[in-house]
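The sequence lines fix the lettering, A, B, ..., with proteins before strands; numbering per chain opens at 1. Bear in mind the structure is a predicted one, so any value in this text is a computation, not a measurement.
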2 protein chains.
Amino acid sequence: MADVNVSRIGDRATPPEGGREAASVEPIWDVIELLFFAYKDFVGDADDVLAKFGFGRAHHRVLHFVFRHPGMKVADLLDLLKITKQSLGRVLKQLIDQGYVEQKAGANDRRQRLLYVTPKGEQLAMKLAGLQTKRIARAFADLGPGGHEGARRFLSALIDADGRDGVLRFIARADRAQGSRG
Amino acid sequence: MADVNVSRIGDRATPPEGGREAASVEPIWDVIELLFFAYKDFVGDADDVLAKFGFGRAHHRVLHFVFRHPGMKVADLLDLLKITKQSLGRVLKQLIDQGYVEQKAGANDRRQRLLYVTPKGEQLAMKLAGLQTKRIARAFADLGPGGHEGARRFLSALIDADGRDGVLRFIARADRAQGSRG
DNA sequence: GAAATATGTCAATATGGCTGACGTAAATGT
DNA sequence: ACATTTACGTCAGCCATATTGACATATTTC
């Protein structure tokens, strides 16, 4: 966010919410816009690095989730990212061809292509996660104790109610799958 | 998030962070992934409506910011969205041609095209903001008191330090510019 | 052996970014 | 007054990422 100086500037950082909420529900403008700006900066960190590798956000997402869930099936990834196999195919192929991700036939079901990151892939995945972690950690430092828990609760609550538990379990399972590889 | 059932499921919702933080900083996986899933669902609400109008996220962003900052210059919008005038031009033209946004020459500087939403544009902007507000309000209800303030602080802290004040002032100014139009 | 499943791939299309070049009107500087 | 700069628009082409639909191949299952 280099500069957002749209001619003049104001001062009040919070909208007037005292008491009743006007007719037809007054939009929660501040959070709507903060989500936009915060997310943009958040992914921007990684975008810059990815560009040097000739990759985009799509590659990042695949690399990230394969890293977090070693042995993931292609179908799992499709379901998770909610994209088509054709879209996934393109970026996955590049990641494989360039040695960031590798496939192994499933032991039980040999039609399956289980996905794993290579050491090279792990290095990039960790580099990207490190950048994002740095930003988040800085935010938590600003927020003081309870910041992490608060953020987790807020973000979880934003997720569609019917998919929330699945996402939380997914994240928890990844933590187990990877263990501590600091 | 229809379903994220990647074969098996886990239980622990928070990573083991007790005490020291391994070598080279352990990534804050939960927040990294929650941001991804939360943001996806957050923008998904609007995407569905926009699709019915033949619009995309790019249209939403333009409509949103013009609505929030009536009389914005084209240059302001470019600086805010960080896109090129060619990219903006395409979607802005559609919004104007279809009567959602209108332009007026600047009073002082007649080269400027000041942007305003039409009543039709306001209606759509409010509809989209309403959907997002519903999601955020639901999250705040889950979080209890302090949820709004906590979210605002967390998201603000995520923004690049050097642009943060500008963004906060921008949001504050918009609140004044629009007043209560609930 | 037939049918279903997991994956890969070809082809065409849409959206929303980008760069570069050029045009026009209005403001500004000397 | 004229040259330059500014604000904006637009043409042309390219790239990344997503889509749909069709079809191929291996493997598992009924």
Checklist outcome for this item: Atom CG of B:Leu81 and atom P of C:dC18 are separated, to the nearest Å, by 10 Å
Checklist entry - Does a nitrogen or oxygen in the side chain of A:Thr84 sit under 4.0 Å from OP1 or OP2 of D:dT19? => result yes
Next on the checklist: Distance criterion of 3.5 Å, no angle test: do you see the side chain of A:Arg111 paired donor-to-acceptor with the base of C:dT5?
Outcome noted: yes
Item to check | Atom NZ of B:Lys120: over 12 foreign heavy atoms under 6.0 Å | outcome: yes
Checklist outcome for this item: Heavy-atom nearest nucleotide on DNA chain D taken for A:Gly106 and for B:Arg113; more 5' hit belongs to B:Arg113
Checklist entry - Which part of the nucleic acid, if any, lies within contact of A:Asn108, taking any heavy atom under 4.0 Å across all strands shown: a base, the sugar-phosphate backbone alone, or nothing? => result sugar-phosphate
Checklist entry - Could you give the CG-to-P distance, from A:Leu78 to D:dT19, as a whole number of Å? => result 10 Å
Checklist entry - Between B:Lys93 (NZ) and D:dG9 (P), how many Å, whole number? => result 11 Å
Checklist entry - OP1 or OP2 of D:dA16 less than 4.0 angstrom from a side-chain nitrogen or oxygen of A:Arg61, does that happen here? => result no
Next on the checklist: Strictly below 4.0 Å: does B:His59 bring a side-chain N or O up to OP1 or OP2 of C:dG16?
Outcome noted: yes
Checklist entry - Are OP1 or OP2 of C:dC18 and a side-chain N or O of B:Ser87 less than 4.0 angstrom apart? => result yes
Checklist entry - Same cluster for B:Tyr116 and B:Leu81 if Ile/Leu/Val/Met/Phe/Trp/Tyr side chains link at under 4.5 Å? => result no
Item to check | Flag if over 12 foreign heavy atoms under 6.0 Å of CD, A:Gln103 | outcome: yes
Checklist outcome for this item: Quick note, A:Asp109 side chain, CB onward, closest among D:dA18, D:dC11, C:dA6 is C:dA6
Checklist entry - Would one find more than 12 heavy atoms of other residues, nucleotides or ligands at under 6.0 Å from atom CD of A:Gln123? => result no
Checklist entry - For the ring pair A:Tyr39 and B:Phe42, is the centre-to-centre distance below 6.0 Å? => result no
Item to check | Distance in angstrom units between A:Gln94 CD and D:dC15 P, rounded | outcome: 13 Å
Item to check | Gap between atoms NZ and C1', on B:Lys73 and D:dG9 respectively (whole Å) | outcome: 17 Å
Checklist entry - Checking all strands, does B:Gly56 fall into the base, sugar-phosphate, or nothing category for heavy-atom contacts under 4.0 angstrom? => result sugar-phosphate
Item to check | Closest to the A:Arg110 side chain, choosing from D:dT28, C:dT7, D:dA18 | outcome: D:dT28
Checklist entry - More than 12 foreign heavy atoms under 6.0 Å from CZ of A:Arg110: is that the case here? => result no
Item to check | Rounded distance in Å - CD1 (A:Ile96) to P (C:dT9) | outcome: 9 Å
Checklist entry - What is the distance from CE of B:Met72 to P of D:dC8, rounded to the nearest Å? => result 11 Å
Next on the checklist: By the 4.0 Å heavy-atom rule, please label B:Arg90 as base, sugar-phosphate, or nothing.
Outcome noted: base
Next on the checklist: On DNA chain D, does the nearest nucleotide to A:Ala58 precede the nearest nucleotide to B:Leu114 from the 5' side, or the other way round? Give the residue.
Outcome noted: B:Leu114
Next on the checklist: Side chain of B:Gln103, heavy atoms from C-beta onward: which of D:dT19, D:dA18, D:dG9 has the nearest atom to it?
Outcome noted: D:dG9
Checklist entry - B:Gln86 side chain: which of C:dA21, D:dA18, C:dT9 is closest? => result C:dA21
Item to check | Of the listed nucleotides D:dC8, C:dG20, D:dT19, the one nearest the side chain of B:Lys85 | outcome: D:dC8
Item to check | Whole-Å distance separating the CG atom of A:Leu92 from the P atom of D:dA18 | outcome: 13 Å
